[in-house]
Each structure stands twice: as C-alpha cells, then as structure tokens.
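Before any comments, here is the structure.
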Amino acid sequence: MTMMQQSGPEAAHRLLDFVNASPTPFHAVQAASARLEKAGFQKIREQDDWEKSLKSSGKYYFTRNQSALLAFTIPQKWQPGAGVSIVATHVDSPNLRIRPVSKRNKAGYLQVGVETYGGGIWHSWFDRDLSLAGRVVLADKNGNFHSRLVKIDKPLLRIPTLAIHLDRGAADSFHFNTETEFVPIAGLVESQLNASPNKSQAPKSASSIQDNHHSALLALLADHLSVAPETIHDFEIHLYDTQPAVLGGLNNEFIFAPRMDNQFSSFAAVEAISTFAASSSFTALEGNVNCIALFNHEEIGSVSTSGAESSLIPSLLQRLSPTPAAYAQSVARSFLVSADMGHAVHPNYSSKHEDNHAPLVNGGVVIKTNAKQRYASDAIGTFLVKKLIEKKGGKVQEFEVRNDMPCGSTVGPMLSKLGVRTVDVGCAMLSMHSIRETAGSEDVQNAIDLFASLFEGFAELDKALTVE
C-alpha cells in the first residue's frame, strides 16, 4: 500500500475489508459471524432449546437461511420481561442474479440470463468487470447435501454498451430494455464447441441443473469448490463488480464502493456489539438485552423468511419473554434503531433536497422523519437518539423529504408494528443503488459510536424519560 492508501480512519479500512469479502448477503452473514465469534459470541440454532442455557453476560448469535443474522447479549441479573435494545439493518443490495435456466447463445456469444433484483441504477452496470458469487447446493459421496459459498475473484461477465456510432442518440438519452438489451456476455460460442464433451449420457434427474446452464459456467463453479460439476444440484448466484471498495478523495474522506446501502450500517452494527461485548464494562452492565438484526430482502419489500417482516424479531422477543405478561413488558421496555443509509445533498442536484434538510457526507448520523410514517421516527425516538449521540460527542443531521417528492422507506415502519419504539437513522451517501456508491469515511465511526452508546446506556437513559 502507498501512504495515501494507508491513511484514513481505521474503522473505514475495516469496512472496506467487510464489503470486499461480502459480494452477496450470504457472504455478509458469513463475515459478520466470523467477527462475532472472534468477540466470543456462541452460535446457537433456532431449532434448539437454547433458552434454558442462557447465562448472564452471555453472547449468542444465530443465522437463518445463511442470509439473515441475529446476535444478542444477556445483561447481569437478566429476567424475562427485560427490554431489548435493537439495531436493525439489511445486507441485501440491488444486483443481478442468474436465472434458474440461464443458458443463452446469440450472434456467436455465450450469454447468461439474469434477473434484476431491487431498484438498481441499472445503466451503471454497463461496461463493468463483473463476476459471480453466491451459494451452491452440492451432493457429497455419502448421498448428503450441503450449501457452500463461492466467490470467483476474476472478471467473467460484461454487459457491453452499444457503440455511439450505432446509436447516435445514446449520448443524449440512454434507454435500454432490461430483458433484451441487458444480458451479459460470458464468452464466445467457439469456446463452448471446443469444450470437453459430457461423457454421461444418462437421463437427467429432476434435481439436475446440468442442462439449464452453460457447461463452462458449471465447470467453473465446480473448479472453485473442488468438486465435480455433476455434484452441483442448484445454486443462487449473484453478479458483482470486481472493482474493490476503496477510500478516495483528496484526503480519503470518501468511500467509493458497492453495496454501501446497506452493508455500511450492517458492518457498524456488528462492530459495535462485538466491541461492546469484549469491553471490560460489559460484564457489569444491567438493563436491556442488546441485539443486532441483519435482514435480507429489504430492497424488495422484506416479505420473506429472512426479511424484516419475518418472525425473526418477534421470535426472539417471545423466546426471551415467553409469557404474555413478560412479552408485553419486554416490548414496552424495548427500543429499535432502524439503520439504513440516507441521501446526502448532491452538489449538482441540490434542489432535490428540502432546504433545511440537506445532510452532508461525514456530517454525522442522519435522523429520518416523515409525517406519513414512511419512516418510524417520532419526537420521543429522535430525542433518545440525540441523547445517545451526545454522549459520544457526535453530530446529528435531519432529513425530511420535499413535499413534492415521494419518500422512500426501510425496515423501521414494519418493525414498529410490533409495538417497539422505533427510530429511523442512517449516514449520508451519494449515488444510492448505483453499482458504485459514495459514502463518508468518517461516518463509519459515527455510526459505530451511536450503536455502542445504545448498547452501553439506553436502559439508564430510558429510566429518566416518562411518556404515558
């Protein structure tokens, strides 16, 4: 590394490592799990009866479907009915995903059929060096099946733009059909013709996918997993940009990276609870259970077994406080910070922000408010977050959308339906949903500090607040 590359906030460098290791939600959950285990968290399973073995100062986590994660710590003198202080984020981002039947050939090219996921700025995916990552269902020699992650660290695919000489209006107005003009190329048909023939001519079973995809694609996945192609029975494979996340700007004040929305917040949540749980003060603290929830599928509405509308949070609350009375008490004592990235004011499009609600990159945590409850923040939640930030000496920014523009949303409103007090926050960024986004390197620590302050001091702060 050069001196320029080495400079910048230490927390931002750790975020870069997390993002570069996490091209998919599966990899993000894997990276988060590794960080938690390093901090002493014990993995438990939803199907096990773990409630009876919880201990004061215990640190636990579990995953669901390899794509969502909950981690929590048990305070001193914990009893059912205690509140839960939660940071909720999501680990999915808009991307392209290989179709169940992806094999396509056209005009001498091998192509791979893909489906769009989420509301991406799809034109930013053209002319990028794309590769593949995800999970693969494999058969072993004993007849058992396993799901393994794969990440191919080389450019494999590309969605080429049409030369301007063949579309003179493209420079003024670039339009394309995402079904017919947005299909990646993976190679030339000649290379497939010269490939080794499939020696097995036996009839394919219902679980075989060998005819659904180019044999070269299956062989590549098999090679990276050190297995035979025929042992691959299914997969969920995503496309990702091979250009790594980096610090940028004259003073490394920016992060240029994919998936800032919302791996930025997810990383900060994992760091905060890991650092808190490893601190000397952790074993002495009483009050709330502390929890982070990393959800999947936020970008498409959160309605899934691993999304925020699933049973993940309600199940945890019920298992910690199983009687109706204890559950009601726990909900009343709990507080949820929904953390998702926010929109920084854009210097070239400043009119898109309300004049007094124009957050800046590296300007501190943004509190999001919407009178129509597209964000769950109210005066009580906003006050509590401001006090928590104040304890760490941080800065607060406010965001509210213009009256003549629609407002986005996130996991906060849907989780607030549980009855848990909820506030929506984030850090300001540019180019949200582009394949390359821009966030602030100083804001990484700002987010970590807020979450750490929540874990360290919410229960005590809440005792000083009376709301009937």
task = Answer yes or no: are there more than 12 heavy-atom neighbours, outside Lys391 itself, under 6.0 Å from its atom NZ?
result = yes
query = Hey, are Asn446 and Asp443 close enough side-chain-wise for a donor-acceptor pair under 3.5 Å?
reply = yes
message = Can you list everything that forms a salt bridge (charged side-chain N to carboxylate O under 4.0 Å, His left out) with Lys386? Sequence neighbours excluded, please.
response = Glu398
query = Do Ser377 side-chain atoms and Thr369 backbone N/O form a donor-acceptor pair below 3.5 Å?
reply = no
query = Does the Arg148 side chain pair with the main chain of Leu225, one donor and one acceptor, at a distance under 3.5 Å?
reply = yes
query = In terms of the angle between their ring planes, are His233 and Phe145 parallel, tilted or perpendicular, with boundaries placed at 30° and 60°?
reply = perpendicular
ask   = Side chain of Asn362, backbone of Ser441: donor and acceptor closer than 3.5 Å?
value = yes
key: Atom pair NZ (Lys59) and CD (Glu37), whose distance is rounded to the nearest 0.5 Å   = 12.0 Å
ask   = What is the ring orientation for Phe126 with Phe182, classed by angle as parallel under 30°, tilted 30 to 60°, or perpendicular over 60°?
value = tilted
ask   = Are the side chain of His213 and the backbone N or O of Leu218 linked by a donor-acceptor pair below 3.5 Å?
value = no
ask   = Okay, side chain of Thr422, backbone of Val420: is any donor-acceptor separation there less than 3.5 Å?
value = yes
query = Is there a donor-acceptor contact under 3.5 Å linking the side chains of Thr283 and Gln76?
reply = no
message = Could you walk me through whether Asp424 and Ser338 satisfy the side chain to side chain donor-acceptor pair (under 3.5 Å) test, starting with their C-alpha distance in whole Å, then the side-chain angles of each, then the deciding distance to 0.1 Å, before giving a yes or no?
response = CA-CA 5 Å; Asp424 276 294; Ser338 165; 2.6 Å; yes
query = Atom CD in Gln30, atom OG1 in Thr63: separation rounded to 0.5 Å?
reply = 10.5 Å
message = Nearest 0.5 angstrom please: Ser7 OG to Leu247 CG, how far?
response = 7.5 Å
Side-chain donor-acceptor pair present, Arg259, Ser266, cut-off under 3.5 Å = no
inquiry  = Considering only residues two or more places apart or on different chains, which pairs with a residue in residues 29-56 satisfy ring-ring contact (aromatic ring centres under 6.0 Å, His included)?
reply    = Trp50-Phe72
ask   = Quick one: OH on Tyr240 to CG on Leu130, what's the gap to the nearest 0.5 Å?
value = 10.0 Å
task = Could you tell me the separation between the CG atom of Asn290 and the CZ atom of Phe276, rounded to the nearest 0.5 Å?
result = 4.5 Å
task = Could you tell me whether Tyr117 and His238 have their ring centroids closer than 6.0 angstrom?
result = no
message = Whether the side chain of His353 engages the backbone of His343 through a donor-acceptor N/O pair (distance < 3.5 Å, no angle test) should be reported.
response = yes
inquiry  = Could you check whether Glu115 pairs with Arg97 (Lys NZ or Arg NE/NH1/NH2 to Asp/Glu carboxylate O, under 4.0 Å)?
reply    = no
Exam field: side chain Ser330 to backbone Ala82, donor-acceptor pair closer than 3.5 Å = yes
Residue pair Ser147 / Gln66, side-chain donor-acceptor N/O under 3.5 Å = yes
ask   = So, for Leu239 and Asn95, which heavy atoms are closest and what is the spacing to 0.1 Å?
value = O-CB, 4.1 Å
inquiry  = As an exercise, state the distance from OH of Tyr61 to NZ of Lys43, rounded to the nearest 0.5 Å.
reply    = 4.5 Å
remark   = Shortest non-hydrogen pair, Ile232 vs Ala222, comes out as CD1-N, 3.9 Å
Lys392/Glu456 salt bridge by N-O under 4.0 Å criterion = yes
ask   = Is the backbone of Lys372 close enough, under 3.5 Å, to the side chain of Asn370 for a donor and an acceptor to pair up by distance?
value = yes
remark   = Nearest heavy-atom approach of Phe455 to Cys291 is CE2-O, 3.8 Å
ask   = Is it true that the side chains of His297 and Glu309 contain a donor and an acceptor less than 3.5 Å apart?
value = no
inquiry  = Tell me whether Arg436 contacts the main-chain N or O of Phe256 through its side chain, where contact means a donor paired with an acceptor under 3.5 Å.
reply    = yes
task = Answer yes or no: is there a donor N or O on one side and an acceptor on the other, between the side chain of Arg135 and the main chain of Leu149, under 3.5 Å?
result = no
query = Taking the inter-plane angle between the rings of Trp125 and Trp122 on a 0 to 90° scale, is it parallel (under 30°), tilted (30 to 60°) or perpendicular (over 60°)?
reply = tilted
